[in-house]
Amino acid sequence: MSTTSTNVTLRADTPFPTILVVEDEVLIRLVIADYLRDCGYKVHEAVSGEEAIAILQAPEVSIDVVFSDVEMPGSMDGFALARWVRANKPGLEVILTSGIERSADIAATLCEAGPLMKKPYSSQDVVDRLRQLAAKARRS
Amino acid sequence: MNAASVTVLPRRTPPSILVVETDVRIRCLVSDALRALDFKVLEASSADDALTVLEAMRIDLLFVALDLSGGRSALDVARLVRTRRMPTRIILASDGVLAKTVADDFGPVLRKPYETSQVVELVIRALNWPEVPGASRGTWPVEPR
């Protein structure tokens, strides 16, 4: 697949974009992924930044939005993943979430998708943020 | 109660499947194929995560790769299911090294590399979902391919 076709941006004509949920806490990941699927989104799951990149580079998968925790084990945290996305998949939206207050300022410089979502978040807050992104895409 | 008084009602909620696989692309492909059949699919990348999920919710079928990375093994997960007598069917995926030794203990073993269609077929037969006309629960566990 060409680079152009893998750089999927949030399409205004797609009511339910495909979300990549990146979260190392398995029960948190299952809950939010399940909720998003129930809302109609197609969801892929990754447990680390490295897994997220593997999915983003997979030719058989198209992702519209990355929803990632900031604090993750391994060499790549959520910030590093957001930087990778910005460098390699420009136009792909990233929403970061963290339980650490000081992460907000860094996240603001990396995400066009609004401010950092504080943990704990409600599943509906995530859906609201995704809808805001879709509305923004329709306007632009 | 005689046999004539027993009515078997169709299952209303789709069975839940826990897919445990370290390789994210394989996990993603298998999970997607099963979700396409309306199974409720949960994903775990390690034995520890699988054990966490099994402690937290009912799982109807465990599909677990034997070559997991990390401290605890896939067999630890399968043993937990068996020792606690959980109502969970088990399908193992293996590169072949352990296949013969564990098949009788836990369930069928699918040899890697496998096609997702093979997983889907085994899962459908194990859970009888979507209901297969004429399928017999008595045939489980099936012979591994």
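Only heavy atoms go into these numbers, but all of them, side chains included; no hydrogens, no water, no symmetry mates. Quick note on labels: first sequence line is chain A, next is B, and so on, each numbered from 1. Nothing here was measured: the structure is a model prediction, and the numbers come from that model.
Between the OG atom of B:Ser31 and the CD atom of A:Glu45 there is a distance of 7.0 Å, given to the nearest 0.5 Å. A:Arg37 CZ to B:Arg35 CZ: the interatomic distance, rounded to the nearest 0.5 Å, is 3.0 Å.
Of the possible polar contacts, none joining the B:Arg25 side chain to the A:Glu60 backbone as a donor-acceptor pair under 3.5 Å is found.
Taking the side chain as every heavy atom from C-beta outward, A:His44 and B:Val24 never approach each other to under 4.5 Å.
Just one residue in the list A:Val26, A:Leu27, A:Leu30 forms a side chain to side chain contact (heavy atoms under 4.5 Å, CB included) with B:Asp49, and that residue is A:Val26.
Tracing side-chain contacts under 4.5 Å through hydrophobic residues (I, L, V, M, F, W, Y), one never reaches B:Leu29 starting from B:Val119; they form parts of separate clusters. Placement of A:Val31 and A:Val66 in two distinct hydrophobic clusters is found when ILVMFWY residues are connected by side-chain heavy-atom separations under 4.5 Å, directly or transitively.
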Start with the C-alpha gap between A:Val47 and B:Arg27, add the side-chain angles, then the distance that decides, and say whether side chain to side chain contact (heavy atoms under 4.5 Å, CB included) holds.
CA-CA 12 Å; A:Val47 304; B:Arg27 196 172 71 235; 4.2 Å; yes

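Only the side chain of A:Asp34 comes within less than 4.5 Å of a heavy atom of chain B; its backbone N, CA, C and O stay farther away.
With chain A as the partner, the residue from B:Asp48, B:Asp23, B:Val53, B:Val41 showing the most heavy-atom pairs under 4.5 Å is B:Val53.
For A:Arg29 against B:Glu43, the heavy-atom pair with the smallest separation is NH2-O, 3.0 Å.
By the neighbour-count criterion of 12 heavy atoms within 6.0 Å, atom NZ of B:Lys112 is densely surrounded, having more than that number from other residues, nucleotides or ligands.
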